[in-house]
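Worksheet for the structure shown next.
Sequence lines set the chain letters: A, B, ... in the order given, protein chains first and strands last, and positions in each chain run from 1.
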2 protein chains.
Amino acid sequence: MDTTQRTEQQRSADRRRRELLEAADRVVLRDGPQASMNAIAAEAGITKPILYRHFGDKGGLYAALAKRHTDALLDSLRAALDAPAERRERVEATLDTYLAAIEARPQVYRFLMHPAEGSSGDQGFDVGKHSVPLLRRMGEELAQVIEDRLDLGPGSQQLARVWGHGIVGMMHAAGDWWLGERPCSRAELVRSLADLLWGRLAAAGDKMGGPGF
Amino acid sequence: MDTTQRTEQQRSADRRRRELLEAADRVVLRDGPQASMNAIAAEAGITKPILYRHFGDKGGLYAALAKRHTDALLDSLRAALDAPAERRERVEATLDTYLAAIEARPQVYRFLMHPAEGSSGDQGFDVGKHSVPLLRRMGEELAQVIEDRLDLGPGSQQLARVWGHGIVGMMHAAGDWWLGERPCSRAELVRSLADLLWGRLAAAGDKMGGPGF
DNA sequence: AGACTCGTGTTACCGCTAGTAACATGCACG
DNA sequence: CGTGCATGTTACTAGCGGTAACACGAGTCT
């Protein structure tokens with residue numbers, strides 16, 4: 001009875017937890033990254049302390065919420081990355097998948113990327129410790145794929161990690177800028193970025209005299 | 001006399017403004033991005049409303065403070081970008097300059113990159129509107145250099161802008177990750193990133209059967 | 001001289017936030 | 001029946017960004 005009861009309660013708690021996360025999701029979709037704990041609690045039809053009992057603090061709620069979307073996005077990216085096609089096509093598909101995701105749900109994207117966690121405490125503040133986990137996870141994941149699939153010679157592991165984080169950062173910054181200004185279509189952006197990764201920067205000729213950029 | 005008086009007052013106000021900015025600088029260096037207006041006012045030996053009379057709101061103070069460091073960093077980057085050397089060397093010098101800067105003053109860097117402006121208001125929240133200005137400025141600047149110096153054929157302006165923001169994002173993300181984990185020396189990181197930009201990703205061979213990444 | 005303005009500074013407050021303590025209620029187990 | 005235990009509430013703290021209202025000193029006009 002003890003174990004059954006326990007699982008029963010556990011399941012109930014998990015269900016409640018999921019409900020709360022969905023409510024939080026709705027609020028974030030509506031209000032963006034500044035969604036307050038009060039607003040989320042109200043949306044869920046309860047009050048703050050319950051939220052805190054479930055998630056500890058705002059960071060905990062943020063982490064749980066972020067994990068959902070991050071996992072979902074990473075699944076899509078993995079699928080694009082593992083599709084049966086040429087390397088260039090895969091890269092383009094992956095870029096396009098990411099860009100389509102941030103285009104479809106910009107509010108969620110903002111929440112994930114710019115949590116705006118400026119609260120008290122955190123006096124020590126180790127640099128990079130509170131950095132956005134989505135970018136890091138994408139970077140590490142991509143690094144793994146690169147290392148697994150590419151023959152990079154000696155020092156391949158470190159090279160792959162640098163590239164993983166670098167490419168993810170490129171995708172992120174370009175996407176952020178593109179989302180704000182919409183200077184071109186998604187396909188054009190994808191193609192331009194892939195061209196950059198394919199070495200067109202180094203291959204391009206100088207425009208005028210002297211050594212070009 | 002009116003004009004003289006006016007300039008006198010203006011100079012006095014400017015001096016005070018600079019003093020306040022330096023105090024803010026000190027606090028940010030000490031407390032990181034969560035530096036509060038109260039703390040900055042206390043450091044400057046005054047109280048909050050004066051700060052607000054000078055800078056309007058926290059965003060104004062942030063903007064003024066950011067402009068200083070951003071301008072300084074951009075000057076360094078321009079210098080590295082304009083040095084008389086081969087393209088690859090310039091790229092490496094620029095990357096190294098940026099990384100050296102964030103390595104030397106990580107707190108300031110965090111303040112510039114992650115301002116954590118989560119306050120009230122801003123209900124509308126247009127995506128990308130409040131994005132980090134340093135990254136954008138660096139991206140635009142780099143885009144200009146690329147467009148000026150490289151022969152990219154048709155659509156060169158858009159391509160240059162995409163690349164500018166993409167490269168800056170790559171540099172930023174890789175630098176952020178590197179600063180947190182320190183997995184290698186600065187020189188190694190610079191070399192790896194330059195290799196990425198030079199197309200080694202596309203040139204690398206597959207490791208096992210089937211089409212590689 | 002006296003009144004008037006203006007920049008500089010203060011205290012005391014508002015509304016908001018994250019987070020918590022203390023108290024109430026329902027429900028299963030001995 | 002009473003005893004835990006989870007769930008829920010109200011009411012609070014401390015601190016934030018931001019502001020209104022008041023006070024003082026210096027220069028100016030009549």
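- Nearest-nucleotide positions on DNA chain D place B/Asn38 closer to the 5' end than the other of B/Asn38 and B/Gly56.
- As a whole-Å value, the separation of B/Leu51 CG from C/dT11 P is 15 Å.
- Counting only distance, with no hydrogens or angles, the side chain of B/Gln107 and the backbone of B/Pro33 share no donor-acceptor pair below 3.5 Å.
- Between the side chain of A/Arg53 and the base of D/dG8, a donor-acceptor pair under 3.5 Å is found.
- The distance from atom CG of A/Leu20 to atom C1' of D/dG8 is 12 Å, rounded to the nearest whole Å.
- In this structure, the nucleotide among D/dG18, D/dC16, C/dT10 sitting nearest to the side chain of B/Ser36 is D/dC16.
- The cationic atom of B/Arg88 (NZ for Lys, CZ for Arg) lies less than 6.0 Å from the six-membered ring centre of B/Trp198 and within 45° of the ring axis.
- One can place OH of A/Tyr52 at 17 Å from P of D/dG8, the figure rounded to the nearest angstrom.
- Rounding to whole angstrom units, CD1 of residue B/Ile40 and P of D/dG15 are separated by 17 Å.
- In this structure, B/Ile50 places its CD1 atom 16 Å from C1' of D/dG17, rounding to the nearest Å.
- With respect to the salt-bridge test (charged N to carboxylate O, under 4.0 angstrom), the residues A/Glu140 and A/Arg136 do not qualify.
- Both cation-pi conditions hold for B/Arg182 and B/Trp178: the charged atom is under 6.0 angstrom from the six-membered ring centre and inside a 45 degree cone around its axis.
- For A/Thr47, a side-chain nitrogen or oxygen approaches OP1 or OP2 of D/dT9 to under 4.0 Å.
- Atom-to-atom, NZ of B/Lys48 to P of D/dA20 comes out at 13 Å; the value is rounded to the nearest Å.
- A close approach under 4.0 Å does occur between a side-chain nitrogen or oxygen of B/Arg16 and OP1 or OP2 of C/dG9.
- At a cut-off of 3.5 angstrom, counting only N and O atoms as typed in the model, there is no donor on one side facing an acceptor on the other between the side-chain of B/Lys58 and the base of D/dG18.
- Computed from coordinates, the B/Glu19 CD to C/dT8 C1' distance equals 13 Å when rounded to whole Å.
- B/His54 places its NE2 atom 10 Å from the C1' atom of C/dG7, with the value rounded to the nearest Å.
- Under a cut-off of 6.0 angstrom, the local environment of CD in A/Glu181 is crowded, with over 12 non-hydrogen atoms contributed by other residues, nucleotides or ligands.
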